[in-house]
Amino acid sequence: MLEDQVASLLQRLLGNYVRGFNKEALKISVWQGDVELTNMQLKPEALNALKLPVKVKAGFLGSVKLKVPWSRLGQDPVLVYLDRIFLLAEPATQVDGLTKDVVQEAKKTRVREMEMKLLERAQQLGSEMVW
């Protein structure tokens, strides 16, 4: 019963990212806090939210292991281990409906943001050095 609940929850959380999720691939030792999923395919659209300049052609996820500290839930972290992640990707000529100009402008904006953060950090470090 609890295993079915865990499987349903994991399906909802991981279903957008992986293919091949099934209860047979799920190893659960719930009371010890161990949950393991093995041999899943990444969906090509799994990384779209990251807006990377690549298009994923295929992907494989060897295993996902969760360590849930049931006795200290909310106090200790839930640990997630990903093992054997393989991606086959190609450069994206266009990111889902965006023109090259929009993509180029987004890249420039990210570079400016990173430069500003770097300058702020340098100024912060400089002010800390002056006593």
Side-chain angles (χ1 to χ4, degrees):
M1 165 119 168
L2 186 57
E3 287 83 1
D4 291 336
Q5 295 283 337
V6 171
S8 175
L9 177 65
L10 289 173
Q11 174 62 38
R12 280 196 320 244
L13 294 174
L14 297 176
N16 292 335
Y17 306 103
V18 296
R19 227 182 266 139
F21 178 87
N22 58 43
K23 290 181 186 176
E24 291 77 38
L26 182 62
K27 295 177 188 168
I28 300 179
S29 177
V30 175
W31 301 117
Q32 293 176 351
D34 297 332
V35 178
E36 183 177 0
L37 296 161
T38 57
N39 301 326
M40 294 175 289
Q41 290 181 344
L42 287 175
K43 291 182 177 179
E45 62 275 5
L47 303 180
N48 285 355
L50 299 176
K51 295 190 168 83
L52 298 173
V54 295
K55 182 178 179 183
V56 176
K57 301 298 280 180
F60 173 79
L61 181 56
S63 70
V64 177
K65 295 178 186 176
L66 303 172
K67 292 285 223 179
V68 182
W70 292 114
S71 61
R72 298 190 45 86
L73 199 58
Q75 297 169 352
D76 288 349
V78 174
L79 301 175
V80 179
Y81 299 96
L82 302 174
D83 187 34
R84 294 175 295 152
I85 302 171
F86 299 100
L87 287 176
L88 175 61
E90 67 182 5
T93 55
Q94 203 169 351
V95 179
D96 289 340
L98 299 179
T99 65
K100 281 187 177 183
D101 293 335
V102 173
V103 172
Q104 194 66 22
E105 189 58 37
K107 288 178 185 178
K108 286 179 184 177
T109 302
R110 284 181 91 180
V111 168
R112 277 189 231 118
E113 288 172 358
M114 295 302 284
E115 287 173 344
M116 291 301 293
K117 286 180 183 179
L118 185 60
L119 286 173
E120 288 172 5
R121 184 68 179 144
Q123 288 173 351
Q124 191 178 42
L125 287 175
S127 66
E128 291 174 3
M129 298 288 279
V130 178
W131 300 348

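In this chain, residues are counted from 1 in sequence order. In this text the structure is predicted, and so the values were computed from the model without any measurement. Reckoned from all heavy atoms, side chains included, excluding hydrogens, waters and symmetry mates.
Of the charged side-chain nitrogens involved, none lies within less than 4.0 Å of a carboxylate oxygen, so that Lys65 and Asp34 do not count as a salt-bridged pair. Ion pair Glu105/Arg112 flagged as a salt bridge, since at least one NZ, NE, NH1 or NH2 atom sits closer than 4.0 Å to an Asp/Glu carboxylate oxygen.
When every heavy atom of Ile85 is checked against every heavy atom of Leu42, the shortest pair comes out as CG2-CD1, 4.4 Å. The minimum heavy-atom distance linking Glu36 with Ser63 is given by the pair OE2-CB, 4.0 Å. Contact between Leu87 and Gly59 at its shortest, heavy atoms only, is CD2-CA, 4.1 Å. Between Met40 and Val64, the shortest heavy-atom distance links the atoms CE-CG2, 3.9 Å.
For the atom pair OG1 (Thr109) and CE (Met114), the distance works out to 13.5 Å, reported to the nearest 0.5 Å. Interatomic distance, CG of Leu61 versus CG of Leu37, reported as 8.5 Å (0.5 Å rounding). Here CG of Asp83 is found 11.0 Å from OG1 of Thr38. Values are rounded to the nearest 0.5 Å. One finds the CG atom of Asn16 at 9.0 Å from the CD atom of Gln11 (value rounded to the nearest 0.5 Å). Between the NZ atom in Lys107 and the NZ atom in Lys51 there is a gap of 14.0 Å [rounded to 0.5 Å]. Here the CD-CD distance, from Glu115 to Glu113, works out to 10.5 Å after rounding to the nearest 0.5 Å.
Contact of the Pro69 side chain with the Val78 side chain is registered, since non-hydrogen atoms from C-beta on lie closer than 4.5 Å. The side-chain heavy atoms of Val56 and Asn48, taken from C-beta on, include no pair separated by under 4.5 Å. Arg72 is not listed as a side-chain neighbour of Pro77, based on a closest heavy-atom distance of 4.5 Å or more.
Hydrophobic clustering of Ile, Leu, Val, Met, Phe, Trp and Tyr side chains at less than 4.5 Å, counting indirect connections, keeps Tyr81 apart from Leu9. In this structure, Leu79 is not a member of the same hydrophobic cluster as Leu82, with clusters built from ILVMFWY side-chain heavy atoms closer than 4.5 Å. Leu13 and Tyr17 are assigned to two separate hydrophobic clusters, defined by single-linkage of ILVMFWY side chains at heavy-atom distances under 4.5 Å.
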For this session: Go through the steps to decide whether Val111 and Lys108 satisfy the test side-chain contact (heavy atoms from CB on, under 4.5 Å), and finish with yes or no.
Result: CA-CA 5 Å; Val111 168; Lys108 286 179 184 177; 5.7 Å; no

For this session: Test Phe60 against Asn39 for side-chain contact (heavy atoms from CB on, under 4.5 Å), laying out the working first.
Result: CA-CA 7 Å; Phe60 173 79; Asn39 301 326; 3.5 Å; yes

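A donor-acceptor distance shorter than 3.5 angstrom exists from the side chain of Lys43 to the backbone of Gly15, with no hydrogens or angles considered.
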